[in-house]
A.B. asks: 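The structure's right below; bear with me while I get my questions together.
First the proteins, then the strands, lettered A, B, ... as listed; each starts at 1. Hydrogens, waters and symmetry mates play no part in the numbers below; they use all other heavy atoms, side chains included.
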Amino acid sequence: MIHEYLISILTFISIYSIIVLSLNVVIGFTGLINLGHIVFVGIGAYASAILALNGVPWYISIFAAGILASVFGAAIAAITSRLKGDYLAMVTLGLVFIAVAVSRNWISLTRGALGLPGIPDIIKNNFHYMIFTMAISALSVFLFYRLTNSETGKIFQAIRDNEVAASVLGKNTYFYKIISMAASTFFAGIAGSLLAHHLNFVDPTIFELDFIVTMLVMLIAGGLASITGSVVGVFILYALSESIRFIVVNPSIVGAFREMVFAVVLILILIFRPRGMFGKVDI
Amino acid sequence: MLSLNNVSKSFGGVKAVDKCSFEVKENTITSLIGPNGAGKTTIFNIISGLTKADSGTIRLSDRNIADLAPYKIAKAGISRTFQLTKVFRNMSIKDNLLIAKNANDNDIKKILESVYLHKPLETLASELSYGQQRLLELARSLLMPHSLLMLDEPTAGVNPEIRRELKLILRSLKKNGKTVLLIEHDMEFVMGISDVVIVLNEGKVLKEGKPKDIVKDKKVLEAYLGK
Ligand SMILES: Nc1ncnc2c1ncn2[C@@H]1O[C@H](COP(=O)(O)OP(=O)(O)OP(=O)(O)O)[C@@H](O)[C@H]1O
Ligand SMILES: [Mg+2]
């Protein structure tokens with residue numbers, strides 16, 4: 001039993017790592033304040049679910065989830081390319097509300113609030129699925145490490161620090177912002193697919209605000225523009241969040257208590273350690 | 001090599017640049033001078049594509065660049081610095097320079113030596129003093145492949161020694177066939193180095209000529225000292 005519990009935790013940590021890492025690429029490395037990252041996770045989850053429920057094999061549906069999320073991500077980046085900082089944050093947050101509305105109301109595709117149950121497992125054995133998600137998580141760590149240390153990654157960081165200077169040095173900042181979002185949302189879509197196949201279910205609550213807040217706290221606690229930070233941030237905060245189960249006796253308030261702890265952690269970080277554990281840049 | 005023809009730009013009611021025409025000849029050092037708010041920086045921003053002119057044409061070696069995106073203008077051979085320094089704060093000195101050009105460590109060290117910036121390559125730009133950040137930006141603009149270099153008040157905030165050095169750098173650039181367009185308030189610096197001086201006042205070209213003709217001009221004195 002303990003064993004199964006641990007497997008479940010590590011599976012979630014692997015999936016969350018992919019989400020937070022990919023978020024770090026746009027926010028931490030490129031300076032695009034994208035608060036709607038969860039939308040791309042959701043697109044991946046729904047796409048994968050719908051395909052799998054229609055008999056498409058998982059290795060195609062997981063890939064299609066990444067591609068579809070990435071196409072949406074690139075389009076959003078192209079449309080919002082002139083927006084900066086707070087404005088981009090507002091627009092991307094707005095995407096979440098659109099996603100909620102669409103997933104609730106496009107009944108023929110999503111079954112609305114009922115959600116889509118019965119999404120088949122990719123791998124029946126939970127331990128093996130954990131290994132599978134860990135491998136994909138490790139692969140994303142490797143690829144994001146390569147990307148952020150490449151010439152392209154340096155240009156992302158230049159855009160984050162000073163977009164005007166990057167442009168007068170001959171960098172097509174519009175193009176690079178789209179590339180950053182496309183790469184990031186591809187992995188968000190993959191993570192969404194992994195989540196859907198793991199939970200065997202997806203419904204509009206995937207877009208709920210506390211999921212977004214959780215991801216952001218993990219990102220900020222780990223530190224912006226740090227790959228290590230994102231992985232460690234997810235690990236520690238997930239462990240903290242799970243330990244609340246054992247401290248709080250009354251199960252009905254576990255959720256609320258967890259949200260409170262996350263909020264307090266966020267406030268403490270912002271006051272005492274604004275760069276988080278491994279952050280390279282200020283928030 | 002660069003020519004502006006009837007370029008205008010207003011911000012709300014303010015005519016920052018008003019039917020401005022002038023030419024920067026190849027292989028010269030040309031200086032833009034004028035009182036605060038004369039429109040000098042705005043002209044730089046228009047040339048580099050960051051600000052779109054309301055009207056007028058800008059030609060770089062017979063190519064109209066007025067409608068190009070900033071990165072394309074940069075690739076066409078214009079490198080520049082900013083009056084308010086724009087370094088990549090969270091990046092190292094080395095990475096700042098690598099954005100300009102894929103140079104090797106040796107070239108990077110050389111360029112830093114030429115601007116007297118003696119700091120380890122891995123130092124973050126945010127850890128540099130204001131003057132050092134200006135030098136880093138200058139080095140970056142020098143490293144960036146270009147035929148025309150535009151410097152917005154390069155001597156502001158750097159010590160006199162480096163001011164002298166800057167003169168030498170600009171002269172050697174000229175010797176190597178480069179063209180320089182300079183905004184500068186330090187008259188001694190301007191008069192000592194320029195081939196052509198263009199005086200701007202309230203967005204208009206007031207006077208254009210050799211340094212020795214400019215210093216004697218009555219209109220120029222009036223613009224600077226007030227009537
Ligand atoms: N983005 C802007 N928005 C509104 N007004 C502007 C803007 N940029 C410049 N101006 C105005 O245009 C005029 C010219 O400004 P500019 O910065 O070109 O002057 P300058 O010659 O570079 O002055 P200085 O020597 O002080 O740097 C000023 O009146 C300024 O207030
Ligand atoms: Mg100026």
Side-chain angles (χ1 to χ4, degrees), chain A residues 24-33 78 81-82 84-85 145-180 219-220 222-229 274-276 278-283, chain B residues 41 44-51 65 68-103 122 124-127 133-134 136-152:
Chain A
N24 208 346
V25 170
V26 276
I27 297 187
F29 285 95
T30 321
L32 303 170
I33 312 299
S81 77
R82 283 175 186 279
K84 289 200 169 53
Y145 181 81
R146 288 286 299 267
L147 174 66
T148 53
N149 282 288
S150 70
E151 197 183 328
T152 302
K154 299 287 180 188
I155 294 170
F156 289 172
Q157 294 168 60
I159 291 172
R160 171 198 64 204
D161 283 0
N162 201 311
E163 190 174 345
V164 166
S167 71
V168 303
L169 291 166
K171 306 304 174 204
N172 184 351
T173 59
Y174 177 70
F175 170 77
Y176 284 101
K177 286 197 279 188
I178 292 174
I179 294 294
S180 172
L219 172 67
I220 291 166
L224 294 181
S226 165
I227 303 274
T228 319
R275 289 192 167 194
F278 296 93
K280 305 259 168 58
V281 299
D282 290 327
I283 293 161
Chain B
T41 297
F44 264 34
N45 289 342
I46 289 172
I47 295 171
S48 49
L50 298 172
T51 300
I65 60 167
L68 295 184
Y71 81 93
K72 284 187 180 156
I73 294 174
K75 282 186 172 166
I78 296 183
S79 180
R80 71 167 289 186
T81 63
F82 293 88
Q83 184 169 4
L84 296 171
T85 310
K86 295 191 194 304
V87 293
F88 304 121
R89 294 184 54 79
N90 298 299
M91 296 170 75
S92 66
I93 290 179
K94 183 176 168 179
D95 282 346
N96 262 270
L97 295 173
L98 286 177
I99 296 291
K101 186 184 165 191
N102 214 336
E122 296 310 321
L124 289 180
S126 60
E127 291 166 2
Q133 289 185 16
R134 300 219 63 156
L136 174 59
E137 197 193 35
L138 177 66
R140 201 175 64 186
S141 69
L142 290 169
L143 192 63
M144 154 105 178
H146 62 271
S147 50
L148 172 66
L149 180 66
M150 309 201 305
L151 304 175
D152 197 342

A.B. asks: Considering only heavy atoms from C-beta outward, does the side chain of L32(A) approach that of I27(A) to under 4.5 Å?
C.D. replies: no

A.B. asks: Between I78(B), L50(B), N102(B), which residue shows the highest count of heavy-atom pairs closer than 4.5 Å to chain A?
C.D. replies: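 Heavy-atom pairs under 4.5 Å are most numerous for L50(B).
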
A.B. asks: Between R160(A) and F156(A), is NZ or CZ placed under 6.0 angstrom from the six-membered ring centre and within 45° of the ring axis?
C.D. replies: no

A.B. asks: Which bit of M91(B) is near chain A, if near means a heavy-atom gap under 4.5 Å: side chain, backbone, both or neither?
C.D. replies: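 For M91(B), backbone and side chain are both near chain A.
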
A.B. asks: Of the backbone (N, CA, C, O) and the side chain (C-beta and beyond), which part of A100(B) lies under 4.5 Å from a heavy atom of chain A, both, or neither?
C.D. replies: both

A.B. asks: What part of D95(B) gets within 4.5 angstrom of chain A, counting heavy atoms only: side chain, backbone, both, or neither?
C.D. replies: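 For D95(B), the side chain is the part near chain A, not the backbone.
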
A.B. asks: How would you list, by chain and number, every residue that makes a salt bridge (Lys or Arg N to Asp or Glu O under 4.0 Å) with R89(B), sequence neighbours excluded?
C.D. replies: none

A.B. asks: If I measure from the heavy atoms of chain A, does I73(B) come under 4.5 Å with its side chain, its backbone, both, or neither?
C.D. replies: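 Contact with chain A: none, neither part.
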
A.B. asks: Between D152(B), L151(B), V87(B), L142(B), which is the residue that forms a side chain to side chain contact (heavy atoms under 4.5 Å, CB included) with E137(B)?
C.D. replies: V87(B)

A.B. asks: Atom CD1 in I155(A), atom OG in S180(A): separation rounded to 0.5 Å?
C.D. replies: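 Atom-to-atom, I155(A):CD1 and S180(A):OG are 12.0 Å apart.
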
A.B. asks: Just so I understand: if I count every heavy-atom pair under 4.5 Å between each of S141(B), S79(B), A74(B), S126(B) and chain A, which residue has the most?
C.D. replies: A74(B)

A.B. asks: Where does K154(A) contact chain B at under 4.5 Å (heavy atoms): side chain, backbone, both or neither?
C.D. replies: both

A.B. asks: Under the side chain to side chain contact (heavy atoms under 4.5 Å, CB included) rule, what do R275(A) and K280(A) come out as? Steps first, then yes or no, please.
C.D. replies: CA-CA 7 Å; R275(A) 289 192 167 194; K280(A) 305 259 168 58; 5.6 Å; no

